[in-house]
Amino acid sequence: MSFPLLTATAAVPAIGAIVTAAVPAARRTAAKWVALTFSLATLVLAAVALVRFEPGGDRYQLTESHAWISDFGVRYELGVDGIGVSLMALTALLMPFIILAGWHDADPLETKSSRWRPTQGFFALILMVEAMVILSFEATDVFLFYILFEAMLIPVYFLIGGFGDRAHAGGDEAGATQRSYAAVKFLLYNLAGGLIMLAAVIGLFVEAGTFSLTEIAAARANGTLDMSTDMERWLFLGFFFAFAVKAPLWPVHTWLPNAMGEATAPVAVLITAVVDKVGTFAMLRFCLQLFPEASKWATPAVLVLALISIVYGALLAVGQRDIKRLIAYASISHFGFIIMGIFAMTSQGQSGATLYMINHGISTAALLLVAGFLISRRGSRLISDYGGVQKVAPVLAGTFLIGGLATLSLPGLAPFVSEFLVLVGTFSVYPVIGVIATVGIVLAALYVLVLYQRTMTGPVNESVRTMPDLKLRELAVVTPLIALLLFLGVYPKPLTDIVNPAVEHTMSDVQKTDPKPEVEAAP
């Protein structure tokens, strides 16, 4: 029996969560090192999986299948395609940086309204989220995926509500109220989507007689699964709604600015760069593969919603006064690009959407973590409380600028390649939507550059005059992310080689081909 690599990749952070939580209360530093060690071990396993994956091989590789709940047809089935293994590697890559960036975020507080913050619990919850997200990228049993899709909400809820951002203009009591509100809103929105998805999962089992993604896909391919048009559309809507909430897509996006604003910067990265990717990934893996005809039927409506997300998110980002809420609305705009690329139903669009998931994760982590370092120094999230930071902390300002330029998809940085592919893939079949979507690019330049100008340039604000520059631990967090943005910006081929075969399979599922360019005959 071969080594269960995929199971191990998810089991290591889960075991790490248990070990971290069991560290004695007085050994906070030891708990941090334990969590970091397990996250690095997970990264090694994910790297091994990425190396062992053969882009030109079977669609799902490193597969595992074991009986689980036999009476209900539920199996423990795992397998990764090029998209799943890339996102699994992204998750494992970001976790050590998230832990390092949040090194002091759960240290005890001594203020009147704050309770003791159990450091062990904070890092244990982060590792538990990592385990569930990685396993969700690997699951090929629909019911197993649903359990993970819902279960990951619980640790994120506690991370937002119990370990929220300390920089709140209204003081500790107002901050605690806002954190509770954001945590409950996050949970209710996602639970509502999950409950609708549960009904669709049950309906799918009634129709197909199995939860196995590969068996259902095979039955559709050979014609043995006879699903009516109306039933397929209802099931698609049940799955898509849950994924749209988690993505998040307008108009079910409103939980994200609250959650990111009230969470610490590392937890905000965990939410938008890791957890939210499960929603867009699931659109590719489940919506398009299980319900190809319904996906094509819904394409015009989904593209309109994605377009609204792009423009609406960018417009609201321009008007924000809170640094983290600005980045949250920018992410809503970026997720609109990802979903637009998925449902453009072209190979360029879907390849670009997958690359966008990865590049957005890296660029948002870089920008948001540096913003977190900035906020922790000043104790405020308001843009107006800053100014002239580049004169007193030039390294912090420089890294903040690079993260911002990546967010606006500057050529030479990784997000540019993915955004370009999404726009090309969309424009080739939906030119009007592709043209309007470029408004999001213009607005991105506006909100990023205005944010940098107001916080980093100009006269030095008295409150930041003694602000220290980035320290060694913080540089260890930011430097590798910037290096990746530069490397993938000029040489994305290692990623495209892995992703493109998986995109070809998805295009085959929905029976779509790229439009041929129209060439006028020579006179």
Side-chain angles (χ1 to χ4, degrees), residues 59-60 63-81 83-84 132 135-154 188-247 249 252 278-299 301-302 342-343 345 505-506 508-512:
R59 180 171 190 175
Y60 293 110
T63 55
E64 303 173 32
S65 181
H66 308 282
W68 185 20
I69 311 175
S70 301
D71 292 343
F72 295 98
V74 180
R75 296 185 62 81
Y76 177 79
E77 285 191 350
L78 306 179
V80 288
D81 59 1
I83 300 170
M132 292 179 182
L135 204 56
S136 69
F137 290 140
E138 299 170 347
T140 55
D141 183 278
V142 178
F143 192 80
L144 173 62
F145 173 83
Y146 169 76
I147 291 175
L148 298 164
F149 186 83
E150 289 290 87
M152 70 180 68
L153 302 180
I154 305 304
L188 290 179
Y189 266 67
N190 284 275
L191 279 178
L195 289 173
I196 293 175
M197 180 182 169
L198 176 60
V201 169
I202 295 171
L204 179 65
F205 179 75
V206 171
E207 289 289 317
T210 180
F211 289 114
S212 172
L213 177 66
T214 53
E215 291 180 7
I216 296 172
R220 291 197 67 95
N222 59 32
T224 57
L225 177 57
D226 185 17
M227 190 182 300
S228 68
T229 300
D230 289 342
M231 176 59 71
E232 181 175 343
R233 290 177 179 179
W234 280 112
L235 294 179
F236 167 85
L237 290 174
F239 278 80
F240 180 80
F241 180 78
F243 303 152
V245 172
K246 183 154 286 187
L249 178 68
V252 289
V278 176
T280 48
F281 162 79
M283 291 179 188
L284 279 166
R285 171 166 282 192
F286 296 101
C287 286
L288 269 60
Q289 188 172 349
L290 294 176
F291 316 111
E293 294 303 319
S295 297
K296 289 186 284 188
W297 162 77
T299 288
V302 175
I342 292 171
F343 281 87
M345 303 288 187
H505 286 297
T506 305
S508 176
D509 291 333
V510 294
Q511 298 179 348
K512 282 278 190 175

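Any value given below was found using the heavy atoms of this structure, including those in side chains, with hydrogens, waters and symmetry copies removed. In this chain, residues are counted from 1 in sequence order.
Minimum interatomic distance between S295 and C287 (heavy atoms only, all atoms of both residues): OG-O, 3.0 Å. For the pair I342 and T280, the tightest heavy-atom approach, listed with the atom from each and the gap, is CD1-O, 3.6 Å.
With no hydrogens or angles considered, no side-chain donor-acceptor pair links S212 and T210 at under 3.5 Å.
Residues meeting the side chain to side chain contact (heavy atoms under 4.5 Å, CB included) test with E64, sequence neighbours left out: P4, L6, T7, H66, Y76, L78. With sequence neighbours excluded, the residues that form a side chain to side chain contact (heavy atoms under 4.5 Å, CB included) with L198 are Y146, I202. Legend: residues meeting side chain to side chain donor-acceptor pair (under 3.5 Å) with Q289, ordered by chain and number and at least two apart, are R59, Y60. In terms of the side chain to side chain donor-acceptor pair (under 3.5 Å) criterion, E207 has no residue partners (sequence neighbours excluded).
In this structure, the side chains of I83 and R285 stay at 4.5 Å or more apart for every pair of heavy atoms. Between K246 and M152 the shortest side-chain heavy-atom distance falls below 4.5 Å.
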Which donor-acceptor pairs under 3.5 Å do side chains of residues 136-145 form with protein atoms, sequence neighbours excluded?
from: S136; atom 1: OG; to: V133; atom 2: O; distance (Å): 2.6
from: T140; atom 1: OG1; to: E77; atom 2: O; distance (Å): 3.3
from: D141; atom 1: OD1; to: F143; atom 2: N; distance (Å): 3.0
from: D141; atom 1: OD1; to: L144; atom 2: N; distance (Å): 3.0
from: D141; atom 1: OD2; to: R75; atom 2: N; distance (Å): 3.2

Compile the donor-acceptor pairs under 3.5 Å between side chains in residues 230-244 and protein atoms, sequence neighbours left out, one pair per line.
from: E232; atom 1: OE1; to: R220; atom 2: NH2; distance (Å): 3.2
from: E232; atom 1: OE2; to: E293; atom 2: N; distance (Å): 3.0
from: E232; atom 1: OE2; to: A294; atom 2: N; distance (Å): 3.1

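Residue pairs meeting the side-chain hydrogen bond (donor to acceptor under 3.5 Å, both in side chains) criterion with at least one member in residues 188-204, sequence neighbours excluded, are Y189-T254.
If you take CE on M283 and CG on L288, they are separated by 10.0 Å, rounding to the nearest 0.5 Å.
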